[in-house]
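Structure record follows, encoded as structure tokens.
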Amino acid sequence: MDSSMITIALSKGRIFEETLPLLAAAGIVPSENPDSSRKLIIGTNRPDVRLLIIRATDVPTYVQHGAADLGVAGKDVLIEHGGDGLYQPVDLNIAKCRMMVATPIGFDYAAAVRRGARLSVATKYVKTARLFFAGKGVHIDLIKLYGSMELAPLVGLSDVIVDLVSTGSTLKANNLVAVESIMEISSRLVVNEAAMKLKHDRIQPIIQAFKTAAAG
Ligand code: ATP
Ligand code: MG
């Protein structure tokens, strides 16, 4: 671990955009836009702070292993990862959405659950889905997907999906409807446990700035 540098892992898109004001509150301004630059390591106005631009699901892995000191990751991603080796000191209240069960319009989900029917569930959130349905006493066949879950019930791959929903417009465009809410989702600041001790003097002010900005 390079102890002179603070490395922050972020994913492109909504998390990068919504983290910008929090970084600014900590006095950190990226020197490039990851959408146009194609660079995976981005410098900042601070010579001792750099950003890694990676897939959302990879953020906890980089931070767990100390390849990044800090990161921003959705609760959805953190549950699937498990959170080993990570402190989660701040709920940033960004990238908010909801983990939901959705079905094709016309599928009687409540009746299937009441009957004790076996449900096939397509999702990339296998851990979340397994825990949720086990808690309801519903037996499921899990089908692991990596994206575009909405397609699965339309072509008979599954009865239902477990996916993130914000406006519901993607569900609607595909004749699906949300039938049950699993949990509220937002993104958290995650910190490598060793870095928290070894780089405490420099990491603590960043955590504090994020905390204050997220609450405000
Ligand atoms: P990709 O879209 O590249 O396959 P991804 O879906 O994991 O990857 P994003 O779509 O950028 O990446 O989502 C990143 C995080 O933002 C998710 O882990 C989740 O916490 C949150 N998120 C996802 N979808 C929404 C949404 N519709 N509204 C708000 N937040 C969302
Ligand atoms: Mg996405």
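When a ligand or atom number is given, it counts from 1 through the structure's own listing order.
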Any idea which atoms of ligand 1 are less than 4.0 Å away from a heavy-atom of [X]?
X: Gly74; result: 20 (O)
X: Lys96; result: 28 (N), 29 (C), 30 (N)
X: Val77; result: 18 (O)
X: Ile185; result: 20 (O)
X: Lys124; result: 5 (P), 6 (O), 7 (O)
X: Ala56; result: 7 (O), 12 (O), 14 (C)
X: Leu164; result: 19 (C), 22 (N), 23 (C), 24 (N)

Quiz item: Is the Lys NZ or Arg CZ of Lys127 less than 6.0 Å from the centre of Tyr125's six-membered ring, within 45° of the axis?
Solution: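 No - Lys127 does not lie over the ring of Tyr125 by the 6.0 Å and 45° rule.
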
Quiz item: Considering only protein heavy atoms, which is closest to atom 20 (O) of ligand 1, and at what distance to one decimal place?
Solution: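 Among all protein heavy atoms, the one nearest atom 20 (O) of ligand 1 is Asp76 OD1, 2.7 Å.
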
Practice problem: May I ask you to identify the nearest protein heavy atom to atom 15 (C) of ligand 1, giving residue, atom name and distance to one decimal place in Å? | Solution: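 Going by distance alone, atom 15 (C) of ligand 1 is nearest to Ile15 CD1, 3.7 Å.
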
Quiz item: In terms of heavy-atom contacts, does OH of Tyr62 have more than 12 from other residues, nucleotides or ligands at under 6.0 Å?
Solution: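 Not buried by this count: 12 neighbours or fewer within 6.0 Å.
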
Exercise. Taking atom NZ of Lys39 as the centre, report whether more than 12 heavy atoms of other residues, nucleotides or ligands fall under 6.0 Å from it.
Key: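 Not buried by this count: 12 neighbours or fewer within 6.0 Å.
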
Quiz prompt | Contact bool for atom 22 (N) of ligand 1 (protein heavy atom, d < 4.0 Å) | solution =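 There is a protein heavy atom less than 4.0 Å from atom 22 (N) of ligand 1.
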
Side-chain donor/acceptor pairs under 3.5 Å, residues 171-178, sequence neighbours excluded:
residue : atom : partner : partner atom : Å
Asn174  : ND2  : Thr170  : O            : 2.9

Exercise. May I ask which of Arg14, Glu18, Glu17 has a heavy atom nearer to atom 16 (O) of ligand 1 than the others do?
Key: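 Ranked by closest heavy atom to atom 16 (O) of ligand 1, first place is Arg14.
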
Quiz item: Are the charged groups of Glu184 and Arg98 less than 4.0 angstrom apart, N to O?
Solution: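 Salt bridge between Glu184 and Arg98, a charged N being under 4.0 Å from a carboxylate O: yes.
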
Report yes or no: does [X] contribute a side-chain atom to a donor-acceptor pair with the main-chain N or O of [Y] at less than 3.5 Å?
X: Arg202; Y: Ser4; answer: yes
X: Ser31; Y: Gly43; answer: yes
X: Asn45; Y: Gly27; answer: yes

Practice problem: List for me each residue that meets salt bridge (charged side-chain N to carboxylate O under 4.0 Å, His left out) alongside Glu17, sequence neighbours excluded, and say none if there are none. | Solution: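 Listed in chain order: nothing, the list is empty.
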
Quiz item: Mind checking whether Ser166 has a heavy atom under 4.0 Å from ligand 1?
Solution: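 It does; at least one heavy atom falls under 4.0 Å.
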
Exercise. Give a yes/no on ligand 1: does Arg55 have at least one heavy atom closer than 4.0 angstrom to it?
Key: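 Judged by the 4.0 Å heavy-atom criterion, Arg55 does count as contacting ligand 1.
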
Quiz item: Can you find an N or O of Thr57 that's nearer than 3.5 Å to an N or O of ligand 1?
Solution: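 Checking ligand 1 against Thr57, no N or O pair falls under 3.5 Å apart.
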
